[in-house]
Q: 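Right, I'll just put the structure down here and ask away after.
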Amino acid sequence: MLLSTRACCALLALAACAPVPDPTPVRFTDVAAQCGLDFLMHSGSRVKNHIIESKGGGGAFLDYDGDGWLDIYLINGSRLGGYPDPATAPTNALYRNMADGTFEDHTRMAGVGDAGWGMGCAVGDYDNDGASDLYVTNYGPNALYHNEGRGTFREVGQAAGIDLADWSTSATFGDYDRDGDLDLYVAQYLHFAPERVPPRGGMWKGVLVFAGPLGLAGAQDALYRNEGDGTFRNVTGQAHVEQAEPTYGLAALFCDYDRDGDPDLYVVNDSAPNFLYRNEGGTFHDIGVAAGVALSAAGTAQAGMGIAYGDYDRDGFGDFLVTHFEDDYNTLYRNRRDGTFAVASAAAGLAEPSLPHLAFGTCFLDYDNDQDQDLFVANGHVYPQIRHLNPDGYAEPNQLFANEGPTTGYRFAAVAAGDLSLPTVSRGAAKGDCDNDGDVDLLVFNLDGPPSLLRNDSGNQLNWLSLLLVGTASNRDGIGTQISVVSGGVEQIAERVSGGSFLSHSDGRVHFGLGANTLAERIEIHWPAGRVQRLEDVAANQFLVVEEPSR
């Protein structure tokens with residue numbers, strides 16, 4: 001059968017939701033506290049004397065126990081000099097979705113309370129055993145938590161050979177060599193030691209702030225090939241992704257931007273050109289400058305923070321949005337479908353609204369299920385001292401942009417969205433339908449504060465479809481799969497990816513808004529192993545488990 005009839009299918013199926021004819025205002029409600037997410041992120045001192053204290057703040061939506069409901073993993077930081085009593089040190093936390101609108105802290109039970117200075121994470125079933133594993137990036141040794149089933153994990157980073165011990169930031173899983181298992185790319189930021197950097201050794205707009213990244217030594221990113229036996233091998237040089245001069249990596253994403261069937265790699269750097277590594281059959285070639293995604297429209301390096309990837313103009317090819325520093329615009333790179341990109345920030349209405357803000361996490365999502373990709377951007381400054389210049393300048397409102405569709409040339413318009421628009425010092429962001437009601441919610445990770453779980457209370461008036469992929473010949477997660485959905489004559493293309501945004505991981509299910517249409521006339525799935533699967537007349541308003549056919 002094309003659609004799996006396993007027991008988990010019953011857990012995922014939902015009753016159809018009739019469209020509501022009268023739209024309501026856009027509203028996202030922060031339900032973190034009432035849902036039981038009693039977590040506080042710590043990152044150094046409130047003054048932020050050093051650059052390490054201003055970064056961090058990632059996490060994940062993941063279904064670690066396979067029950068069809070999204071759980072939440074939250075990354076915590078630390079402080080310089082550590083904690084005299086290890087029992088008082090903050091740790092990462094795992095909250096299990098209880099499927100009743102609440103979450104319970106299962107950190108101790110699951111064994112994932114990493115106490116390092118955490119940055120972010122990536123989620124992927126690296127051993128194809130049907131359970132989601134968890135990779136955690138740190139300032140210090142990284143951790144790999146193997147999912148043992150029964151709600152528990154075992155830390156195997158050193159044994160697997162990927163306990164990179166520098167300052168890692170974002171990570172992404174992808175099958176770059178197309179051998180059926182997931183490889184791993186880890187972005188790194190700095191070789192940082194506080195004793196070599198004076199506190200608040202920099203100057204910004206006449207105010208003393210921390211120093212960096214410019215003037216500090218960048219760190220080499222790493223590509224690890226999955227050996228298929230539970231271990232990974234560092235192939236950074238062999239695969240030609242070694243940098244002549246290591247720079248300041250903050251976000252990375254495996255994605256097939258040119259749709260040639262193998263995953264390429266986009267890496268966003270802070271205050272340096274970005275890399276676009278085109279996959280040339282197991283080795284890579286950096287074409288970032290030639291492709292037009294390394295620099296701004298003026299040809300200058302920008303302070304790259306996070307990546308959104310999606311087909312915002314519905315032309316069948318994925319586009320990039322890269323977030324940046326205050327007084328610079330977030331850059332929308334429109335895929336020209338010929339291997340190059342055009343800077344479309346101004347044309348799409350995104351340049352001016354981003355200029356006053358310092359942006360990090362970001363994602364494309366169809367929050368209102370109207371069949372086009374909207375945009376979320378998480379904002380928050382890095383210098384607490386900005387309060388001397390602007391009392392309201394440290395915590396910033398996050399932004400939601402509605403895609404106005406083909407009649408406007410796919411321009412975006414900022415919309416007020418309830419609690420989503422309240423000022424926070426935000427870093428990472430993840431998207432996912434955490435209450436299984438058919439619209440996309442948002443999880444935002446805030447520096448030195450609680451997370452924001454932004455429940456979408458306006459998006460499920462129209463129809464939708466969500467696909468959970470199960471690879472057989474391809475990797476079990478189906479990462480790298482291209483999906484086409486046609487509904488009401490409108491075609492949407494999406495790719496199953498792992499990572500992106502900033503330090504974060506989103507729902508592994510691929511969500512499509514269907515508008516007023518009650519079915520998808522056609523679904524075409526291109527699996528990484530080469531098989532093409534076609535489904536017809538699929539009813540809207542359900543989660544489908546789609547298993548890769550054997551032939």
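The figures here come from the full heavy-atom set of this structure, side chains too, leaving out hydrogens, waters and symmetry mates. Just so you know, residue 1 is the first one in the sequence shown, and it goes up from there.
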Q: Indicate, with yes or no, if the rings of Tyr383 and Tyr394 have centres closer together than 6.0 Å.
A: no

Q: So Tyr277 and Val267, do their side chains get closer than 4.5 Å, heavy atoms only?
A: yes

Q: Looking only at side chains, do Asn142 and Ser168 share a donor and an acceptor under 3.5 Å apart?
A: yes

Q: Which pairs, with at least one residue in residues 164-177 and sequence neighbours excluded, count as a salt bridge (Lys or Arg N to Asp or Glu O under 4.0 Å)?
A: Asp177-Arg225

Q: Go through the structure and list residues passing salt bridge (charged side-chain N to carboxylate O under 4.0 Å, His left out) with Glu148, not counting sequence neighbours.
A: Arg154

Q: Find out whether the Lys NZ or Arg CZ of Arg427 is both under 6.0 angstrom from the six-membered ring centre of Phe445 and within 45° of the ring's axis.
A: no

Q: Compute the ring centroids of Tyr95 and Phe103, then answer whether they are less than 6.0 Å apart.
A: no

Q: I'd like to know whether Trp69 forms a side-chain hydrogen bond (donor to acceptor under 3.5 Å, both in side chains) with Asp63, so could you lay out the CA-CA distance, the side-chain angles of the two residues, the decisive distance to 0.1 Å, and finally the verdict.
A: CA-CA 6 Å; Trp69 294 84; Asp63 182 9; over 6 Å; no

Q: To the nearest 0.5 Å, how far apart are NE2 in His106 and OH in Tyr73?
A: 15.0 Å

Q: Tell me if the centroids of the rings in Tyr309 and Phe364 come within less than 6.0 Å of each other.
A: no

Q: Out of the candidates Asp133, Val136, Leu94, Val123, only one should pair with Tyr145 under the side-chain contact (heavy atoms from CB on, under 4.5 Å) rule; please name it.
A: Val136

Q: Given side chains that start at C-beta, do those of Leu184 and Asn226 come closer than 4.5 Å, heavy atoms only?
A: no

Q: Will you find, in the side chains of Asp127 and His146, an N or O donor that is under 3.5 Å from an N or O acceptor?
A: yes

Q: Minimum heavy-atom separation for Ala160 to Leu144, with atom names?
A: CB-CD2, 3.8 Å

Q: I'd like to check Phe543 versus Asp433 (side-chain heavy atoms, cut-off strictly below 4.5 Å). Are they in contact?
A: yes

Q: What residues, two or more places apart in sequence or in another chain, satisfy side-chain hydrogen bond (donor to acceptor under 3.5 Å, both in side chains) together with Tyr189?
A: Asp270

Q: Sorted by first residue and then second, give each side-chain hydrogen bond (donor to acceptor under 3.5 Å, both in side chains) pair with at least one member in residues 78-88; sequence neighbours left out.
A: none

Q: Salt-bridge test for Asp441 and Lys431: reply yes if a basic N is under 4.0 Å from a carboxylate O, no otherwise.
A: no

Q: Classify the angle between the aromatic ring planes of Phe173 and Tyr135 as parallel (below 30°), tilted (30 to 60°) or perpendicular (above 60°).
A: perpendicular

Q: Of the non-hydrogen atoms in Ala251 and Gly306, which two are nearest, and what is the gap between them?
A: CB-CA, 4.1 Å

Q: Ignoring hydrogens, what is the shortest heavy-atom contact between Ser132 and Asn147? Give both atom names and the distance.
A: O-ND2, 2.9 Å

Q: When you look at Leu454 and Tyr367, which way does the side-chain contact (heavy atoms from CB on, under 4.5 Å) test go after all the steps?
A: CA-CA 12 Å; Leu454 297 166; Tyr367 78 87; over 6 Å; no

Q: Among side-chain atoms of Thr236 and Glu242, is any donor-acceptor pair under 3.5 angstrom?
A: no

Q: Any chance you could lay out the ring pair (Phe, Tyr, Trp, His ring centres under 6.0 Å) test for Tyr266 and Phe275, step after step, and finish with the verdict?
A: CA-CA 6 Å; Tyr266 189 43; Phe275 307 131; 9.4 Å; no

Q: Measuring only between side-chain heavy atoms, which start at C-beta, is Leu443 closer than 4.5 Å to Ile72?
A: yes

Q: Compare all side-chain heavy atoms of Ile307 with those of Phe320 and state whether any distance is below 4.5 angstrom.
A: yes

Q: Tell me which pairs pass salt bridge (Lys or Arg N to Asp or Glu O under 4.0 Å) where either residue lies in residues 40-55, with sequence neighbours left out.
A: Lys48-Asp448

Q: Kindly determine whether Ser426 and Asn379 satisfy side-chain contact (heavy atoms from CB on, under 4.5 Å), including the steps that lead there.
A: CA-CA 5 Å; Ser426 297; Asn379 299 314; 6.0 Å; no

Q: What pair of heavy atoms forms the shortest contact from Cys363 to Leu442, and how long is it?
A: SG-CD2, 3.9 Å

Q: Between Asp392 and Arg387, does at least one N-O distance fall below 4.0 Å, as a salt bridge requires?
A: no

Q: Please report the closest heavy-atom contact between Ser501 and Ala429, naming both atoms and the distance.
A: OG-O, 2.7 Å

Q: Could you tell me how the ring of Trp167 sits relative to the ring of Phe192: parallel (under 30°), tilted (30 to 60°) or perpendicular (over 60°)?
A: perpendicular

Q: Please report the closest heavy-atom contact between Pro90 and Asn76, naming both atoms and the distance.
A: CB-ND2, 3.5 Å

Q: Is there a side-chain contact between Glu396 and Thr424 (heavy atoms, below 4.5 Å)?
A: no

Q: Should Glu227 and Arg233 count as an ion pair when the cut-off is N to O under 4.0 Å?
A: yes

Q: Between Asp105, Asp71, Asp67, which is the residue that forms a salt bridge (Lys or Arg N to Asp or Glu O under 4.0 Å) with Arg96?
A: Asp67

Q: Taking it one step at a time, do Glu326 and His381 satisfy side-chain hydrogen bond (donor to acceptor under 3.5 Å, both in side chains)?
A: CA-CA 8 Å; Glu326 178 190 351; His381 217 282; 2.6 Å; yes

Q: Would you call the rings of Tyr126 and Phe232 parallel, tilted or perpendicular if under 30° counts as parallel and over 60° as perpendicular?
A: tilted

Q: Is there a side-chain contact between Ile52 and Trp117, using heavy atoms and a 4.5 Å cut-off?
A: yes

Q: For Asp477, which residues count as a side-chain hydrogen bond (donor to acceptor under 3.5 Å, both in side chains) partner, sequence neighbours excluded?
A: none

Q: Is there a side-chain contact between Gln243 and Pro246, using heavy atoms and a 4.5 Å cut-off?
A: yes

